[in-house]
Amino acid sequence: MLDIKFIKENKDLVKEAARKKHIDFDVEELLKIDDERLEILASVEDLRNQQNQFSDLITSITDENERKQKIIEMKLIKDKLQDGEEKLREVMQKWQMQMLFVPNVPDVSVPDGESDEDNKEIRVWGEKPNFDFEPRDHVDLMVNLKMVDFERGIKVHGFRGYFLTGDGVRLCFAIWNYALEFFSQKGFNPVIPPMLARSSVCMGTGYLPQGEDDLYKTQDGDYLVGTSEVPLMGMHMNEVIEKSDLPIKYLGFSPCYRREAGSHSKDTKGLIRVHEFYKFEQLVLCEANHEVSVSTHNELNRNTEEFIESLNIPYHTVINCGSDLGLGQVKKYDVELWVPKELKYREISSASYFHDFQTRRLNIRYRDEAGKLQYAHSLNSTAIPTPRILVSLVENFQQADGSIKVPEVLQKYLPDGKAGLGKDFIR
RNA sequence: GGAAACGUGGCUGAGUGGUUGAAGGCACCGCUCUCGAAAAGCGGCAUCGGGGCAACCCGAUCGAGGGUUCAAAUCCCUCCGUUUCCGCCA
């Protein structure tokens with residue numbers, strides 16, 4: 001949510017934001033509703049004022065007849081007031097709905113574009129493997145090594161279902177243990193949050209009202225959310241944070257649930273797109289300062305890049321173009337890992353910042369040096385998602401015989417410190 | 001599943017029909033005092049709308065919405081939220 005004052009004073013910026021993000025939003029319509037709202041508000045407040053003055057007057061009148069006369073006059077005001085309040089309610093409802101759809105203004109460094117094809121590559125790292133054999137895809141490799149079972153996954157869950165089994169599980173635990181250590185060292189406090197969240201929290205983070213189709217909903221009206229960003233942001237909803245506690249840095253670890261509505265024909269095979277997965281997530285609340293947000297954003301993204309570099313998986317980083325940005329995001333980087341069999345990069349991480357878009361909706365504030373309350377800034381970035389990371393990992397580290405070498409940093413987290421999976425890899 | 005209580009500013013907490021935008025306390029900010037800090041004293045300290053260059057002034061707002069009443073933070077209803085008790089399950 002943006003400040004209505006900001007929207008009024010910068011309506012061209014907001015218009016441009018909607019255009020750049022390819023979001024259908026009519027700023028003029030909102031401003032019209034806002035004018036209407038203020039006009040009705042003014043008249044209602046005026047009537048209330050009259051009512052209050054009458055009220056004061058009536059208490060001071062001792063003459064019974066005069067008093068009765070005034071009470072009759074006041075009834076007239078009351079009728080007008082009720083009429084005005086009715087109108088105010090209607091316009092407020094429209095206004096609040098519209099306000100939820102105002103796009104946040106993207107940074108100038110965000111490229112224009114229609115789709116992820118227009119994302120701008122800003123960094124390329126690592127050497128793509130040159131196999132002297134025909135490489136296999138991750139489904140082949142992992143099924144062969146009994147690291148995953150899709151057939152039974154579908155039997156139990158249905159489309160996009162999977163079981164991780166055996167070394168698939170061990171490899172995930174190795175990644176999780178390593179990630180926990182890696183990001184803890186960067187100053188992130190680990191949190192396992194509830195992934196069942198109220199609608200107010202989903203609303204506050206910007207996943208509702210527009211993203212409802214992508215969320216699983218319970219019969220109690222709660223949502224099974226797609227990222228720990230939601231509960232981690234909700235954690236400080238309606239709170240005033242001590243400035244000395246900022247920045248707050250959380251490392252969320254949670255299962256993630258995504259309906260993937262509208263992606264029915266995409267990535268139908270394998271572990272790229274699943275309904276249920278696990279993710280480490282970096283989340284930061286910091287002071288309301290653009291420079292701090294920007295440098296923190298770079299830092300979060302860099303953390304993920306460093307993590308991938310330590311695994312020695314080739315990747316590139318892109319700045320997402322306007323149309324690839326969500327409603328609230330100011331700027332977003334995606335880190336994409338090389339997938340040899342597909343001969344392309346696949347997204348593994350998204351780092352974004354929001355200014356006070358989310359904290360305004362969630363009412364997360366802090367007291368600044370002058371003692372004034374300010375909305376904090378919020379940012380988040382994937383640390384590492386599993387099992388998606390396994391796609392690139394196993395494909396890049398596959399051997400001619402179908403076994404898989406394991407990145408060195410992970411080896412100590414595997415049973416017996418194994419150097420690989422699928423054959424005699426014991427050190 | 002059944003029953004009850006509660007929801008006031010950053011926090012705590014008074015207020016149960018009309019001089020309450022809201023006592024008292026804490027926190028926070030400024031000043032005085034101090035070599036400095038603490039303590040103490042003084043002052044300030046909610047949001048929204050309108051007016052003014054400004055200090056400031058005016059108005060509205062006590063979880064949300066509806067109702068009763070000339071008048072609601074205060075009474076009634078609905079919803080949302082919190083807590084407690086009973087039951088059930090682990």
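Chain A is the first sequence line, chain B the second, and so forth, proteins listed ahead of strands; every chain is numbered from 1.
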Q) Got a second to check how far Asn380(A)'s CG is from Thr227(A)'s OG1, nearest 0.5 Å? A) 6.5 Å
Q) What is the distance, rounded to the nearest whole Å, between atom CZ of Arg365(A) and atom C1' of C11(B)? A) 12 Å
Q: Could you check how far CG of Asp46(A) sits from C1' of U61(B), rounded to whole Å?
A: 16 Å
Q | Validation row, ring centre Tyr178(A) to ring centre Phe307(A) under 6.0 Å | A | yes
Whom does [N] pair with, Watson-Crick or G-U wobble, provided both distances fall under 3.5 Å?
{"N": "A72(B)", "answer": "none"}
{"N": "G7(B)", "answer": "C80(B)"}
{"N": "G59(B)", "answer": "C48(B)"}
{"N": "A54(B)", "answer": "none"}
{"N": "G1(B)", "answer": "C86(B)"}

Q. Will you find, in the side chains of Asp220(A) and Thr218(A), an N or O donor that is under 3.5 Å from an N or O acceptor?
A. no
Please report the distance separating the [atom1] of [N] from the corresponding atom of [M], rounded so that it comes out in whole Å.
{"N": "G43(B)", "M": "A55(B)", "atom1": "C1'", "value": "16 Å"}
{"N": "C48(B)", "M": "G36(B)", "atom1": "C1'", "value": "43 Å"}
{"N": "A60(B)", "M": "U8(B)", "atom1": "P", "value": "23 Å"}
{"N": "A23(B)", "M": "G44(B)", "atom1": "P", "value": "13 Å"}

Q: Check Lys412(A) against Val409(A) and note the closest heavy-atom contact, atom names and distance.
A: CG-O, 4.3 Å
